[in-house]
Amino acid sequence: MQGAMLTVADIETRLRAAASVLPGRQAQMVMEPRPRGETHPPSQERVDGRTSGSRRAAALLLVYPEPVEAHVLLTVRAMTLPQHAGQVSLPGGAVADGETAQAGALREAYEEVGVDPSQLQVVAPLSTVHITVSRFRVEPFVAVADTPLTFRPDPREVGRLLEVPVSELLDPARVHVTHWLLHGRDCDIPYFDLGGEIVWGATAMILAEFVQLLKK
């Protein structure tokens, strides 16, 4: 059954009501890759990796009308990038020295897809996601725009854009599980099927928490 159509105002209202207590790991692990046959939650050690060596990053989950129904913006990373090339992600990147995570998320969205921060209102932070492979700890933020946006993707970082209706995220039929060899282990990989792309890993985990907050 497809999810209900929501406006940006609907989403902002739901997030402000629900985001004071984030579901965190309970929501994230629904979309977290894990070795096949493993049913218990992954250990924090495996999730965090080497926490002492991790780097701060930030991401922006951007919600906007297109033209009325709320959409979220995802990017397909350029194939020339040294990390996570070709994967679907949220606009984001490393947080600069002396910069807050929220400021970093807004700056990265401007640099990657050309969205002026003055057009956006940050509604809520989401729970940090730890990426063991690249040793990033990603702090996501949800921001909303009241009017449709024009994007200017930087081809050095973005292969193409995915503009996804929030109703698709809310549709359980969009969630699947595949099996890959990941870091030498046979793993179950939960993913969203969005715009013909497999959206998995950290991006899917962030989206899973967003979806759970909207369903509260």
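Residues Thr75 and Ser89 have side chains that bring a donor and an acceptor to within less than 3.5 angstrom of each other.
For the pair Arg55 and Phe136, the distance from NZ or CZ to the six-membered ring centre is under 6.0 Å and the angle to the ring normal is within 45 degrees.
Remark: Glu163 engages Tyr64 in a side-chain hydrogen bond (donor to acceptor under 3.5 Å, both in side chains) (not counting sequence neighbours). Residues passing the side-chain hydrogen bond (donor to acceptor under 3.5 Å, both in side chains) test with Asp116, sequence neighbours excluded: Ser118. Annotation: side chain to side chain contact (heavy atoms under 4.5 Å, CB included) contacts of Glu111 (sequence neighbours excluded): Arg107, Glu108. Residues satisfying the salt bridge (Lys or Arg N to Asp or Glu O under 4.0 Å) test with Glu157, not counting sequence neighbours, are none. With sequence neighbours excluded, no residue satisfies side-chain hydrogen bond (donor to acceptor under 3.5 Å, both in side chains) with Asp146. For Gln102, there are no side-chain hydrogen bond (donor to acceptor under 3.5 Å, both in side chains) partners two or more places apart in sequence or in a different chain. Partners of Asp154 according to the salt bridge (Lys or Arg N to Asp or Glu O under 4.0 Å) rule, which considers only residues two or more places apart in sequence or in another chain, are Arg156. By the side chain to side chain contact (heavy atoms under 4.5 Å, CB included) test, Val211 is found to be paired with Leu169, Leu170, Lys215, residues two or more places apart in sequence or in another chain being considered. Shown here are the side chain to side chain contact (heavy atoms under 4.5 Å, CB included) partners of Pro165, two or more places apart in sequence or in another chain: Glu69, His71, Ser167, Glu168.
Within the structure, ring pair (Phe, Tyr, Trp, His ring centres under 6.0 Å) pairs that include any residue of residues 89-129 do not occur (at least two apart or interchain).
When hydrophobic side chains of Ile, Leu, Val, Met, Phe, Trp and Tyr are connected at separations under 4.5 Å, Val177 ends up as a singleton with no cluster partners. Using a 4.5 Å cut-off between side-chain heavy atoms of Ile, Leu, Val, Met, Phe, Trp and Tyr, Val68 forms no hydrophobic cluster with any other residue.
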